[in-house]
Amino acid sequence: MSVKVFVGNLPFGVTDEKLKEEFGRFGSVESARVVTDKHTGRSRGYGFVEFADQVAADAAIQGMNAQPMEGRNLTVSAAKSQANERP
DNA sequence: GTTGAGCGTT
């Protein structure tokens, strides 16, 4: 299973590859995707990062949350889409 | 050429 993490307040110059590289420093990133507008095709300023382990996701959240990137402080937290919180 | 709250695509 993978852990999804919500990343907000991203600079407009960031991309999925950039996210994967930045978040890959804390752990194994299975996939990283920046949400882009469907109508304009431009980045909305937030994205999602999928980690291979909860430990890596927590390390990234603790290490990248409220951290400045490209001049903007990132907002990293657990994604809502995870569900399955408690059976 | 622009902007800034928000949880996406199969």
Side-chain angles (χ1 to χ4, degrees):
Chain A
M1 289 294 291
S2 50
V3 183
K4 290 178 181 175
V5 177
F6 172 78
V7 184
N9 207 36
L10 288 170
F12 298 104
V14 77
T15 59
D16 342 347
E17 298 177 353
K18 184 74 176 187
L19 271 181
K20 189 173 183 179
E21 286 188 28
E22 293 296 316
F23 282 78
R25 300 172 182 175
F26 297 90
S28 303
V29 178
E30 288 195 343
S31 65
R33 180 182 304 194
V34 179
V35 179
T36 45
D37 191 273
K38 303 177 202 172
H39 306 286
T40 61
R42 286 165 194 165
S43 57
R44 281 189 175 178
Y46 71 95
F48 293 89
V49 182
E50 199 169 16
F51 285 91
D53 297 298
Q54 180 68 51
V55 182
D58 184 70
I61 292 174
Q62 297 292 324
M64 292 296 287
N65 187 28
Q67 291 295 117
M69 179 183 291
E70 300 291 326
R72 314 283 194 236
N73 61 302
L74 302 180
T75 304
V76 185
S77 57
K80 292 180 180 180
S81 306
Q82 270 191 359
N84 275 1
E85 299 172 357
R86 282 178 282 98

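Throughout, a chain's letter reflects where its sequence line sits, starting with A, and its residues are numbered from 1.
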Length of the line joining A:Phe48:CZ and B:dG8:P, which is rounded to integer Å: 6 Å
Measure the distance from CZ on A:Arg42 to C1' on B:dT2 and round it to the nearest whole Å. 8 Å
I want to verify the glycosidic state of B:dG4; is it syn or anti under the 90° rule? anti
Kindly point out which of B:dC7, B:dG6, B:dT3 is positioned nearest to the side chain of A:Phe12? B:dT3
A:Asp37 bridged to A:Arg44 by N-O distance under 4.0 Å: yes
Check the geometry between A:Tyr46 and B:dA5 and answer yes if their rings are stacked (centres below 5.5 Å, planes below 30°), otherwise no. no
Take atom CD of A:Glu70 and atom P of B:dG4, then tell me their distance rounded to the nearest Å. 19 Å
Distance check needed: B:dT9 P versus A:Phe6 CZ, whole Å only. 12 Å
When the nearest nucleotide of DNA chain B is assigned to A:Ala32 and to A:Arg44 on a heavy-atom basis, which residue is associated with the more 5' position? A:Arg44
A:Val76 backbone acceptor or donor facing A:Asn65 side chain under 3.5 Å: yes
Do A:Arg33 side-chain and B:dT10 base share a donor-acceptor contact under 3.5 Å? no
Please name the pair of heavy atoms, one in A:Ala60 and one in A:Phe23, separated by the smallest distance, quoted to 0.1 Å. CB-CD2, 3.7 Å
Using atom CG of A:Leu10 as one end and atom P of B:dT3 as the other, report the distance to the nearest whole Å. 17 Å
Of A:Ser77 and A:Gly45, the one whose closest nucleotide on DNA chain B sits nearer the 5' end is A:Gly45
Look at the side chain of A:Lys4 and decide which nucleotide, out of B:dT9, B:dC7, B:dG6, has an atom nearest to it. B:dT9
In this structure, how many angstroms lie between the P atom of B:dG8 and the NZ atom of A:Lys20, rounded? 22 Å
Closest heavy-atom pair, A:Phe51 versus A:Ala56, reported as atoms and distance to 0.1 Å, is CD2-CB, 3.7 Å
